[in-house]
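Everything on this sheet refers to the single structure shown next.
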Amino acid sequence: SSRFPQKKLISKDRLGGSGSGGTSVSTTIDRPGMNAMRRDAKAGLFNTIVVHKWDRFARNRVESTIVKTLLRAEYGVQIYSVIEQSQDDGLGSDGILMEGFSEILAEWNSLVIGVEISKAMLEKHEQGYHLTRPPFGYDMVNKELIINEREAEAVRLCYTLYATSDYSWNDLTRIVNEHRYATKTGRKFSKDMVRGILTNRVYIGEVKYQPVKYSDDGKVPPVYRAN
């Protein structure tokens, strides 16, 4: 490309992730691919990085600025975007302005998407839908929970025995395993797994999204009904 002739370019795989999943500066800087890239830059194995968009580094502009400043100031690396302007394009202050604006826009877009996803999930919750992977005792079919009868047997056994007040967590765990019930991953039950079953309100037909937000309108069939 005429924008960066005679450059030693870094492979796009070296970044090791889009950066969109990072939630802190340390998350972005300490990515394995980022660490490898910094080592190679220090060793002089490349002098130019080309990314598709600036959010390849991070969608948080503070993180992106720290990473790019480190590469440019410490290792003399030039950094370009295929579809966005760079301060290394030789445009002077205009290049710095356009690169910074692109980073702000990427962060704003990420925040907007997050808000929209949260709104959509809250709407689904208010309609009574379960919003995450199906818990033990259920399967997900057409985005709705249906009872897995084999697993539901173990759930009902736990609740029935626990209601007598005669069994400890360890007792319940041992009994469930003696009946050869297995978790969704095919493993034996642990005490924490049994405790999780007995404290999950989904088994009485309620769904939860975010702390202390429950919905009970019949979308989730209850596995256990108290007498």
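This is a predicted model, so every value here is computed, not measured.
Here the side chain of Lys53 pairs no donor or acceptor atom with the backbone of Val82 at under 3.5 angstrom. With Asn177 contributing its side chain and Thr173 its backbone, the two residues share a donor-acceptor pair below 3.5 Å. Checked by atom type and distance alone, the side chain of Glu151 pairs as donor or acceptor with a backbone atom of Gly137 at under 3.5 Å. Remark: side-chain polar atoms of Arg72 are paired, donor with acceptor, to backbone N or O of Ile79 under 3.5 angstrom. The backbone N or O of Met98 sits nowhere less than 3.5 Å from a side-chain atom of Gln85 that would complete a donor-acceptor pair. Checked by atom type and distance alone, the side chain of Thr160 never pairs as donor or acceptor with a backbone atom of Leu157 at under 3.5 Å.
Looking at Ser86 and Asp89, their side chains never bring a donor and an acceptor atom within 3.5 Å of each other.
In this structure, the side chains of Tyr80 and Val51 stay at 4.5 Å or more apart for every pair of heavy atoms. Residues Arg38 and Leu70 have side chains in contact (heavy-atom distance under 4.5 Å, counting atoms from C-beta outward). Annotation: side chain of Leu161 is not in contact with side chain of Asp166 (no heavy-atom distance under 4.5 Å). Looking at heavy atoms from C-beta onward, Ile146 lies out of side-chain contact with Pro134 at the 4.5 angstrom threshold. The shortest distance between side-chain heavy atoms of Val194 and Tyr162 does not fall below 4.5 Å.
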- Message: Assess the residue pair Met37 and Ile49 against the criterion (side-chain contact (heavy atoms from CB on, under 4.5 Å)); give the C-alpha distance rounded to whole Å, side-chain angles, the decisive distance to 0.1 Å, and a yes or no.
- Response: CA-CA 10 Å; Met37 182 177 66; Ile49 298 173; 3.5 Å; yes
- Test Val67 against Thr69 for side-chain contact (heavy atoms from CB on, under 4.5 Å), laying out the working first. CA-CA 6 Å; Val67 172; Thr69 298; over 6 Å; no
- Item | side-chain contact (heavy atoms from CB on, under 4.5 Å) between Arg150 and Tyr181, intermediate numbers included | CA-CA 8 Å; Arg150 171 61 179 170; Tyr181 293 113; 3.4 Å; yes
- Applying side-chain contact (heavy atoms from CB on, under 4.5 Å), run through Leu91 and Leu97 and close with a yes or a no. CA-CA 10 Å; Leu91 301 177; Leu97 176 64; over 6 Å; no
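Residue Phe46 comes nearest to Asp40 through the heavy atom pair CE2-CB, 3.6 Å, listed as atom of the first residue, atom of the second, then distance. Here the closest non-hydrogen pair linking Asn170 and Lys191 is OD1-CD, 3.3 Å. The minimum heavy-atom distance linking Trp169 with Arg195 is given by the pair CZ3-CA, 3.5 Å. Of all non-hydrogen atoms in Ala41 and Leu71, the two that sit nearest each other are CB-CD2, 4.2 Å. Nearest heavy-atom pair across Ile197 and Tyr159 is O-OH, 2.8 Å.
A salt bridge between Arg156 and Glu149 is present, with a side-chain N of the basic residue lying under 4.0 Å from a carboxylate O of the acidic one. Comment: Glu99 engages Lys68 in a salt bridge, judged by a side-chain N to carboxylate O separation of less than 4.0 angstrom. Between Arg133 and Asp139, no side-chain nitrogen of the basic residue sits less than 4.0 Å from a carboxylate oxygen of the acidic one, so the salt-bridge criterion is not met.
Criterion: ILVMFWY side-chain heavy atoms under 4.5 Å apart, direct or through other members. Under it, Tyr138 and Met140 are part of a common hydrophobic cluster.
Around the NZ atom of Lys184, the shell of radius 6.0 Å holds more than 12 heavy atoms that belong to other residues, nucleotides or ligands.
To the nearest 0.5 Å, atom CD of residue Gln87 and atom CD1 of residue Ile96 are 5.0 Å apart.
Taking the six-membered ring for Trp, Phe189 and Phe136 have ring centres closer than 6.0 Å.
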